[in-house]
Chemist: 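For reference, the structure I am asking about is given below.
Nothing here was measured: the structure is a model prediction, and the numbers come from that model. Note that ligands are numbered from 1 as they come in the structure, with each ligand's atoms numbered from 1 the same way.
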Amino acid sequence: MILSNLKSRYNAWRETHMGRLVTESFRNQGHLYGVAIAAMVIVALTSAGTAWIMESIINTLTDPEKRSQIILVAGGVLLLFTLKAVATYIQSYMLSRAGNRIVAVQQDKVFRRMVYRGVDYFAANESSDLLIRVTQGAQAARALVDTLVTGFVRDALTLVGLVAVMFYQQPFMSMVIFVIGPVALIGIRALLKQVRSIMEQQMTSLAEIIKVIQETSTGIKVVKIFALENHMIKRMDGAIRSVEQRANDIARLQAIASPMMEFLAGAAVAIVLAISALDFLSTTPPTAGQLVSFLTAMMMAYEPAKRLSRMRVTIEAQMVMVRMMFELLDQQERMVEAENPVPMPKDRADIMLDGVSFKYSDEAPVIRDMTLAFDEGKTTALVGPSGGGKSTILGLIMRFYDPNDGAVRLAGEDVRDVSFADLRHKISYVGQDPFLFATTVMENLRIAAPDASDDDIFDAARAAHAHDFILALPEGYETQVGENGTFLSGGQRQRIAIARALLRKAEILLLDEATSALDANSEALVKEALDRLTDGITTIVIAHRLSTVLSADKIVVIEAGEVAQQGTLDQLLQDGGTFKDLFDKQFGGHSAINAQTDNPEEPDTPIAQAT
Ligand code: ADP
């Protein structure tokens, strides 16, 4: 009965965050913890032994009859302290190693989960928040297991050993002390309640600090242009002050515990001395050795008792962060890979949106019951007002999101039925503001095709009109591009992205072309590179540029999540409506034929607004 009750409580505990962390850590680092715990038992025993041997030390020194035993006692002391020293070394080293392992394992695990998450996940969680959870969470996990092991094994055993010595030497005095002890605990409990909420606020403020630093660093130009320095300083000040305030609150709570215990310990010593002086109840007065041994045990018990009494406070604080890390691990994954993926058909590259509806959140749908075909080997241009849903369509095809209704089919297969690897292998994407990693140009190109030879990479760069400017960089292909490619111009970044897409040799190309960042000259170069890239490949391009619309096989006008019009340029111009309005607005008095001569001075109104 009691046993099964205990068992079910243990099982329930294992499901808690703390239980999961502890069982997992013990399973993985069992050998390290085993050695550490064995050493802790020795530390506890030798600590109690130190107090106990005081009796012999004092008595052999003060009693002339026992002087012959001095060497023996000295040997005993030496042995005890040697044992204690070795065991202390082993336990703290093993515990640190196990702890470092926990940090490594947890960070690795959280990151693995994170990197496979869907794009929606990163939209919902701010990067500063993720950063805090991953780094602090793993550290807290380590600290928590440390606290539990040292608390329950070393401190608890040491305390038991010392208390045993106390009772052995002076049972009556010990009982008096144990009436005073619990008083301390009542005070500690009161502190507990406040700690949790303070720690949670602390984490939020820490994330805010990182966010402000990140935003200042990535958005420094906006900060300067809009003279937001003061605004940023104010935000930072607020966050810093809040962290400071919370840290002070926690310090205050922790600081109360120590002196309170110290005062009680002092009071206990005073009481013991008074009792021994009064000498009532005791028929034979204690020897000096017994009294010293008792006092030593009591004073040595102070440290582990203090740590144990603070353990709950410490654990509460650590649990807050551990919980935050587990929340991150446990969040429901919305984009799940098919369990038994069907193979992606090899030589088909057509795309079909089949009655697709999609919304990002609970609000109005962004794509409404859209059926749209993209023919193999052809270029389809998406045009229409900003916010109409064009980028979302590309996102759905790449399966950054799943439709709420209908299906996206690629080569005839529902994209949810194929593996992520197969799907993305088939697709290249060049966005408006291509992301570059903070490494060399070469590395940035190579990520697209790790097996490509240097010559392949140079060829791709040539085709993308990037080779020449790359060679002109201070260290050519080995030049560092800076965080997100800040050392390069928009046009240069885009041409590197195009070279990257060329290297992929994918059958489908998704392009969110942007001209806004480019001057006329680099725009012409990018366009030429793109033409090369799209040749014979199934291409969907969000067209910001008139020339793209002119050379597309099909034009689709997307408005408010629906297909407003589709057809060839001629058809759409004949039909009139949204496209013709957009087109006329862009060209003013010009005819389509004039426009085809690729006038570098782009008209002011773009066909699609950059989002
Ligand atoms: P377009 O590319 O035509 O400018 P988008 O597909 O980018 O349009 O956006 C369509 C709509 O979806 C817009 O109203 C936009 O505000 C919204 N939207 C885009 N991305 C997200 C997102 N990650 N979360 C919530 N809403 C979004």
Side-chain angles (χ1 to χ4, degrees), residues 114 116-130 211 215 218 331-335 351 353-372 374 379-406 408 415 427-435 494 497 508-517 530 539-546 548-549 552 554-566 572 577-579 581-583 585-586 602 604-611:
M114 214 170 91
Y116 283 111
R117 290 279 183 176
V119 172
D120 58 327
Y121 177 81
F122 290 92
N125 295 288
E126 288 180 14
S127 62
S128 45
D129 188 50
L130 293 176
K211 190 160 94 183
E215 289 186 353
T218 46
Q331 256 173 36
Q332 190 79 30
E333 179 59 278
R334 287 210 300 169
M335 308 295 301
I351 302 165
L353 263 59
D354 196 351
V356 167
S357 293
F358 174 74
K359 48 187 178 185
Y360 282 102
S361 49
D362 293 333
E363 286 152 35
V366 173
I367 301 292
R368 302 156 195 267
D369 192 20
M370 183 181 286
T371 296
L372 185 57
F374 300 94
T379 295
T380 308
L382 300 180
V383 301
S386 168
K390 300 178 296 293
S391 307
T392 306
I393 293 175
L394 299 194
L396 286 165
I397 293 171
M398 291 183 275
R399 211 187 156 203
F400 287 164
Y401 319 100
D402 278 338
N404 300 92
D405 244 318
V408 178
V415 292
I427 302 175
S428 261
Y429 170 77
V430 182
Q432 292 197 13
D433 190 13
F435 179 83
Q494 213 160 28
I508 292 170
L509 175 66
L510 306 180
L511 269 175
D512 198 343
E513 67 168 15
T515 50
S516 43
L530 280 176
T539 306
I540 305 175
V541 49
I542 297 178
H544 296 273
R545 190 186 298 137
L546 198 62
T548 311
V549 183
K554 184 161 98 173
I555 299 163
V556 182
V557 183
I558 305 290
E559 238 177 331
E562 291 177 339
V563 175
Q565 280 183 300
Q566 59 175 316
L572 292 187
T578 313
F579 181 75
D581 292 348
L582 277 172
F583 191 83
K585 217 187 277 169
Q586 237 192 38
E602 271 281 302
D604 288 330
T605 322
I607 291 261
Q609 253 111 35
T611 43

Chemist: My understanding is that we take every heavy atom of each candidate and find the minimum distance to atom 7 (O) of ligand 1. Doing that for Ser391, Pro385, Gly388, Gly561, which one comes out nearest?
Modeler: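 Of the listed residues, Ser391 has the closest heavy atom.
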Chemist: Check if Ser386 has a non-hydrogen atom at a distance under 4.0 Å from any atom of ligand 1.
Modeler: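 Judged by the 4.0 Å heavy-atom criterion, Ser386 does count as contacting ligand 1.
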Chemist: Between Tyr401 and Thr392, does any side-chain donor sit less than 3.5 Å from a side-chain acceptor?
Modeler: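 Short answer, no.
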Chemist: Do Ile542 and ligand 1 have an N or O pair less than 3.5 Å apart?
Modeler: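 Looking only at distances, the answer is no, because the N/O contact criterion of under 3.5 Å is not met.
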Chemist: Look only at the side chain of Gln565 and the backbone of Gly577, and say whether a donor-acceptor pair between them is shorter than 3.5 Å.
Modeler: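 No: the side chain of Gln565 does not pair with the backbone of Gly577.
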Chemist: Numbering the atoms of ligand 1 from 1, which are under 4.0 Å from a heavy atom of Thr392?
Modeler: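 It comes down to these atoms of ligand 1: 5 (P), 6 (O), 9 (O), 10 (C).
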Chemist: Leu353 versus Phe374: any side-chain heavy-atom pair under 4.5 Å?
Modeler: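 A side-chain contact under 4.5 Å exists here.
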Chemist: When Ile540 is tested against each of Leu511, Thr379, Ile397 for side chain to side chain contact (heavy atoms under 4.5 Å, CB included), which residue passes?
Modeler: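 Output: one option passes, namely Ile397.
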